[in-house]
Amino acid sequence: PTQLPMLRLDAPKPFAWTPIGNTTGNRSFQAVTIGDEGYRVLVIGSVAGNDPVAIELVDQLARHLHSGKTILGGFQSTVIRTLNPDGEAQQKILNEKGQYINHGFPRDHGIADANQPVEVTFLLNQIQTLQPQRLIHIRTIESPQGVIAASSGCQRVAQDVADWLRFRVINLPETAVSGSLERHLATSGRCEVLTFAIPATTKKNELWDRYGDSLQNLLMGDDVATRELARQKAEQSSASIRDNGRK
């Protein structure tokens with residue numbers, strides 16, 4: 001009898017962070033991109049590198065998205081584990097040069113400080129390259145009640161998630177300090193910005209059960225029409241590539 005050819009299925013690649021760029025202290029940022037082209041979200045772990053609970057949640061989010069348990073058609077997420085690897089390594093909130101990164105973004109007049117931290121320049125370049133529609137900053141807060149801070153384009157989903165979690169909502173750029181990531185993005189209009197600040201006392205083994213679903217809603221929630229258009233555009237682009245390949 002004729003032997004049928006065997007169908008070969010490649011095993012999914014194991015999850016791994018990719019080193020990109022260099023910090024003030026010459027450490028690598030760690031990043032991973034998951035999903036198709038379309039609606040783009042950039043997630044960054046705490047600007048204060050000494051924030052192990054927040055970084056653990058970022059790690060769990062990246063691994064969950066990589067596992068394919070979330071449908072990502074027409075959606076792409078780039079996750080940067082932390083914007084301050086120096087601070088993580090040295091267990092402090094400053095970088096190697098002693099700079100507080102989240103006061104180093106361009107101020108309200110839009111002019112960058114001559115001493116702009118390397119980490120800030122790196123993130124602004126990533127935003128310029130990736131052109132995300134939304135950036136999510138995951139951090140902790142020294143309060144028993146979490147906070148979601150959101151710019152105008154994502155305030156509705158922020159309020160929905162905050163109501164569910166009993167978090168407080170801050171509308172950006174109100175109260176955000178000039179020179180911070182949140183104020184810079186909320187006033188410049190480069191992309192929507194949303195900060196998900198969870199209580200620092202949260203146990204690591206409870207993070208995903210408590211916040212996993214809510215965090216995914218913040219990644220993909222509220223603007224269904226925009227995501228659907230992005231998905232259709234991605235499909236049309238793929239079809240065009242296939243058609244050109246036949247010629």
Side-chain angles (χ1 to χ4, degrees), residues 14-34 40-63 65-66 77-132 134-142 149 176-186 188 190-191 193-202 204 207 215:
F15 176 83
W17 293 105
T18 299
I20 57 171
N22 290 306
T23 67
T24 300
N26 205 32
R27 296 177 175 88
S28 295
F29 299 99
Q30 295 173 298
V32 65
T33 297
I34 303 126
R40 297 175 301 280
V41 179
L42 175 59
V43 179
I44 60 169
S46 187
V47 173
N50 186 25
D51 200 349
V53 172
I55 295 172
E56 175 66 24
L57 181 55
V58 171
D59 191 77
Q60 291 182 19
L61 172 67
R63 291 174 184 275
L65 294 175
H66 178 268
S77 180
T78 296
V79 183
I80 298 173
R81 186 170 174 268
T82 174
L83 194 62
N84 189 4
D86 291 354
E88 182 187 18
Q90 299 182 349
Q91 297 185 331
K92 60 184 184 180
I93 65 171
L94 308 177
N95 67 8
E96 186 89 12
K97 202 174 177 180
Q99 297 169 306
Y100 181 54
I101 295 169
N102 210 21
H103 283 176
F105 286 84
R107 298 188 177 272
D108 290 350
H109 49 61
I111 300 173
D113 192 302
N115 295 316
Q116 178 171 288
V118 167
E119 292 80 1
V120 170
T121 303
F122 166 79
L123 181 61
L124 295 180
N125 287 340
Q126 289 295 307
I127 292 171
Q128 181 65 32
T129 300
L130 298 169
Q131 295 287 306
R134 177 175 295 176
L135 180 144
I136 298 179
H137 175 202
I138 299 175
R139 53 164 293 184
T140 59
I141 187 172
E142 296 295 334
V177 176
S178 181
S180 66
L181 165 68
E182 286 79 7
R183 188 172 185 88
H184 170 63
L185 292 182
S188 69
R190 297 182 73 174
C191 64
V193 58
L194 192 153
T195 293
F196 187 59
I198 62 175
T201 53
T202 309
K204 288 186 178 181
L207 282 169
L215 188 52

Open item on the list: I need the minimum non-hydrogen distance between Glu182 and Ala176, along with the two atoms involved.
Closed with: CB-CB, 4.4 Å
TODO: Verify side chain to side chain contact (heavy atoms under 4.5 Å, CB included) between Gln128 and Arg190, making sure each step is shown before the conclusion.
DONE: CA-CA 9 Å; Gln128 181 65 32; Arg190 297 182 73 174; 3.5 Å; yes
Task: Over all atoms of both residues, closest heavy-atom pair of Gly45 and Val58 - done: CA-CG2, 3.6 Å
- [ ] Working to the nearest 0.5 Å, report the span between CD1 of Ile138 and CG of Leu215.
- [x] 4.5 Å
TODO: Answer yes or no: is there a donor N or O on one side and an acceptor on the other, between the side chain of Asp59 and the main chain of Ile55, under 3.5 Å?
DONE: no
Task: Between OG on residue Ser28 and CD1 on residue Ile20, distance to nearest 0.5 Å - done: 9.0 Å
Task: Check: Leu130 main-chain N/O paired with Arg40 side-chain donor or acceptor under 3.5 Å - done: yes
Open item on the list: If you define the side chain from C-beta out and look only at heavy atoms, does anything of Pro132 sit under 4.5 Å from Val41?
Closed with: no
- [ ] Determine the minimum heavy-atom distance between Phe105 and Leu181, stating which atoms define it.
- [x] CD1-N, 3.4 Å
TODO: To the nearest 0.5 Å, tell me how far Thr78 OG1 sits from Ile34 CD1.
DONE: 8.0 Å
Open item on the list: When you compare the side chain of Val32 with that of Thr18, does any pair of heavy atoms fall below 4.5 Å?
Closed with: no
Task: Exercise: identify the closest heavy-atom pair between Cys191 and Leu135 - done: SG-CB, 4.0 Å
Open item on the list: Rounded at 0.5 Å granularity, tell me how far CD in Gln126 sits from CG in Leu42.
Closed with: 7.0 Å
TODO: Evaluate side chain to side chain contact (heavy atoms under 4.5 Å, CB included) for Tyr100 paired with Val47, printing each intermediate quantity in order.
DONE: CA-CA 9 Å; Tyr100 181 54; Val47 173; 5.7 Å; no
Open item on the list: Could you measure the distance from the CG atom of Asp51 to the CG atom of Leu57? Nearest 0.5 Å is fine.
Closed with: 10.0 Å
Task: side chain to side chain contact (heavy atoms under 4.5 Å, CB included) evaluation trace for Ile127 with Leu185 - done: CA-CA 10 Å; Ile127 292 171; Leu185 292 182; 4.0 Å; yes
Open item on the list: Can you list everything that forms a side chain to side chain donor-acceptor pair (under 3.5 Å) with Asn50? Sequence neighbours excluded, please.
Closed with: none
Task: Modelled atom types, side-chain donor and acceptor of Thr23 and Asp86, under 3.5 Å - done: yes
- [ ] Keeping to residues at least two apart or across chains, list the salt bridge (Lys or Arg N to Asp or Glu O under 4.0 Å) pairs with something in residues 90-106.
- [x] Arg27-Glu96
Task: Ser77 to Leu65 - nearest heavy-atom pair and separation - done: OG-CD1, 3.9 Å
Task: Ring geometry between Phe122 and Phe29 (parallel below 30°, tilted from 30 to 60°, perpendicular above 60°) - done: parallel
Task: CD1 on Ile141 to OG1 on Thr201, rounded to 0.5 Å - done: 11.0 Å
Open item on the list: Minimum heavy-atom separation for Ala200 and Glu142, please, with both atom names.
Closed with: CB-OE2, 3.6 Å
TODO: Measure from the side-chain N and O atoms of Thr82 to the backbone N and O of Ser46, and report whether any donor-acceptor pair falls under 3.5 Å.
DONE: yes
Open item on the list: Is it true that Asn95 and Glu119 share a donor-acceptor pair across their side chains at a distance under 3.5 Å?
Closed with: yes
